[in-house]
Amino acid sequence: MEWADEGIVLSARPHGEGGLVATLLTRDHGRHAGFVAGGASRAARPVWQPGNHVAAQWRARLAEQLGNYTGELRTPHAALALDDPPCLAGLSAACVVIEASLPEREPHPAVFDALLAFLGVMGHTGWATLYVRLELGLLQELGYGLDLTSCALGGPADELAFVSPRTGRAVSRQAAEPYRDRLLTLPDFLLRGGLARDADELRAGLDLTGHFLERHVFWPHNKPLPPARARFMESLQR
Amino acid sequence: MGGSEIERLIQLLGRLPGLGPRSARRVALHLLKKRESLMRPLGTALHDAALAIKACSVCGNLDTVDPCGICTDTRRDPGLLCVVEDVDDLWAMERGRIFNGRYHVLGGTLSALDGVGPDELNLASLVRRVDAGGLREVIVATGATVDGQTTAHYIADRLAGRGVEVTRIAHGVPVGGELDWLDDGTLATALKARRAL
């Protein structure tokens, strides 16, 4: 078995003395782990940092085996984010959330493209908005997509302002009145497109996606949302 | 092969870093051949070290006394504190003899994936040391990795507003390094951290 693909390093755990087990999100082969011989060496370690975009080759005798990765660095996203606390926190959060959410060896090219786009704009204006869209897309890919096109209670579609925490469907301002305190805020930028106007809108977006990730992805596995995500939210508040 | 003692010796040696089963057998054989000149003194040294060496209650360094020799050395600058991930990083800094302050060993880094949070690290004692006063600069010398720098930023946040300057060591081109041989990540970091000549 052998294939070559581009991938984004989600994690790299030391294994043995000089090797590591890297998990990549590849475009055509999904989240896929492999052993990197000598990956913990001084020369190879910078390549296998979370967030880095690599050209990877995977080889194994049988498809079920862990297999071996070799790879070449394409874009050092990790190195570019090291000096910027919110970017580094965003990179860690994105990698950890995707690593914990996606099933192994199932292609999700849309998530790959979204993550690559997010890493590419990190540090530029409005980059954190893309993180919210990344998580929204991840929910969609996992089959828990939110319906933000019409009001679940029959209200007007042009006044959507809340989301039901149970169904993930939007609710208009008028129809939401009796249940307002039980609904999640739907930030405007998720309806009109573009960037979040301020930190509050961004926070509302992260609360929204966080709620559904927790409910559908993490709770069924008896796990909380990763602390890295909470650290990312904190870093945006500063 | 030999009896159970030899097997056990090989098994234990094989657990050491850098030694696999084959090299463990070689080491065991070598020790047995030099029983009096090497094996017994080594055994005694291991025994004594296991009894005497402990972690310093101030900085986390390993020494036979607590507080350790570095913490009690009056020739060191008490206003400078270097925060390192592990004892081997402290030893690396000491090897260079370029730092004349004191240290604080974290015992690892924050790790999003492995679930290592602030409570698992030696961070509370770092804050206590800073609050105790007498420090003017804390130098964060964690690795240039995602986890290492996440930890560095976390420390900077925790120490903000406590009246101490927080700095970190530079990342970039190593001395003697040629640009052609550097990885893209190091080059990018070096370029971002450029300064006026």
Side-chain angles (χ1 to χ4, degrees), chain A residues 9-14 16-18 21-23 40 42-54 72-100 123 223-232 234-235 237-238, chain B residues 14-21 23 86 92 108-121 140 142-158 160-161 166-174 177 181-195:
Chain A
V9 182
L10 296 178
S11 69
R13 288 191 174 89
E17 290 211 4
V21 175
T23 304
R42 202 180 299 175
R45 216 172 336 175
V47 176
W48 302 99
Q49 288 295 311
N52 278 351
H53 183 202
V54 295
E72 228 174 81
L73 187 63
R74 279 200 177 175
T75 319
H77 292 294
L80 295 169
L82 285 186
D83 284 340
D84 188 331
C87 285
L88 193 60
L91 179 146
S92 291
C95 290
V96 171
V97 166
I98 290 174
E99 157 113 62
K223 287 193 286 188
L225 277 173
R229 191 180 183 279
R231 276 201 288 273
F232 171 52
E234 276 170 32
S235 72
Q237 296 297 307
R238 278 184 221 115
Chain B
R15 286 199 212 161
L16 294 174
L19 296 186
S23 15
D86 258 310
T109 53
L110 297 174
S111 174
L113 207 68
D114 299 326
V116 180
D119 295 341
E120 277 78 40
L121 301 179
V140 184
T142 49
T145 59
V146 170
D147 287 345
Q149 288 311 295
T150 302
T151 311
H153 296 313
Y154 182 81
I155 291 171
D157 285 341
R158 284 287 296 267
V166 183
T167 57
R168 70 151 174 79
I169 54 168
H171 304 145
V173 184
W181 289 95
L182 287 184
D183 64 279
D184 298 354
T186 307
L187 263 179
T189 319
L191 202 64
K192 275 182 87 175
R194 69 187 179 276
R195 58 184 181 193

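All values below were derived from every heavy atom in this structure, side-chain atoms included, with hydrogens, water molecules and symmetry-related copies excluded. Owing to the predicted nature of the structure, the values given are computational and were not obtained by experimental measurement. So that the names make sense, note that chain A is the first sequence line, chain B the second, and so on, each numbered from 1.
For A/Pro50, the parts lying under 4.5 angstrom from a heavy atom of chain B are both the backbone and the side chain. Heavy atoms closer than 4.5 Å to chain A are found in both the backbone and the side chain of B/Ala144.
Distance check: A/Ser92 OG to B/Gln149 CD gives 11.0 Å after rounding to the nearest 0.5 Å. Here NE2 of B/His171 is found 6.5 Å from CG of A/Leu82. Values are rounded to the nearest 0.5 Å. Here B/Leu110 contributes atom CG and A/Arg231 contributes atom CZ; the two are 5.0 Å apart, rounded to the nearest 0.5 Å. Here the CG atom belonging to A/Asp84 is positioned 6.5 Å from the NZ atom belonging to B/Lys192, to the nearest 0.5 angstrom.
Counting heavy-atom pairs closer than 4.5 Å to chain B, the top residue among A/Ala79, A/Pro85, A/Gly51 is A/Pro85. For the set B/Asp147, B/Leu191, B/Asp157, B/Thr189, the count of heavy-atom pairs under 4.5 angstrom toward chain A peaks at B/Asp157. Note on A/Val96, A/Asp83, A/Leu73, A/Leu80: by heavy-atom pairs under 4.5 Å with chain B, the leading option is A/Asp83. Across B/Pro17, B/Gly20, B/Ala188, the residue that shares the most heavy-atom pairs under 4.5 angstrom with chain A is B/Pro17.
Shown here for B/Thr150 and A/Leu88, the closest heavy-atom pair between the two residues is N-CD2, 3.4 Å.
Ion pairing between A/Arg45 and B/Asp183 fails under the 4.0 Å rule for side-chain N and carboxylate O.
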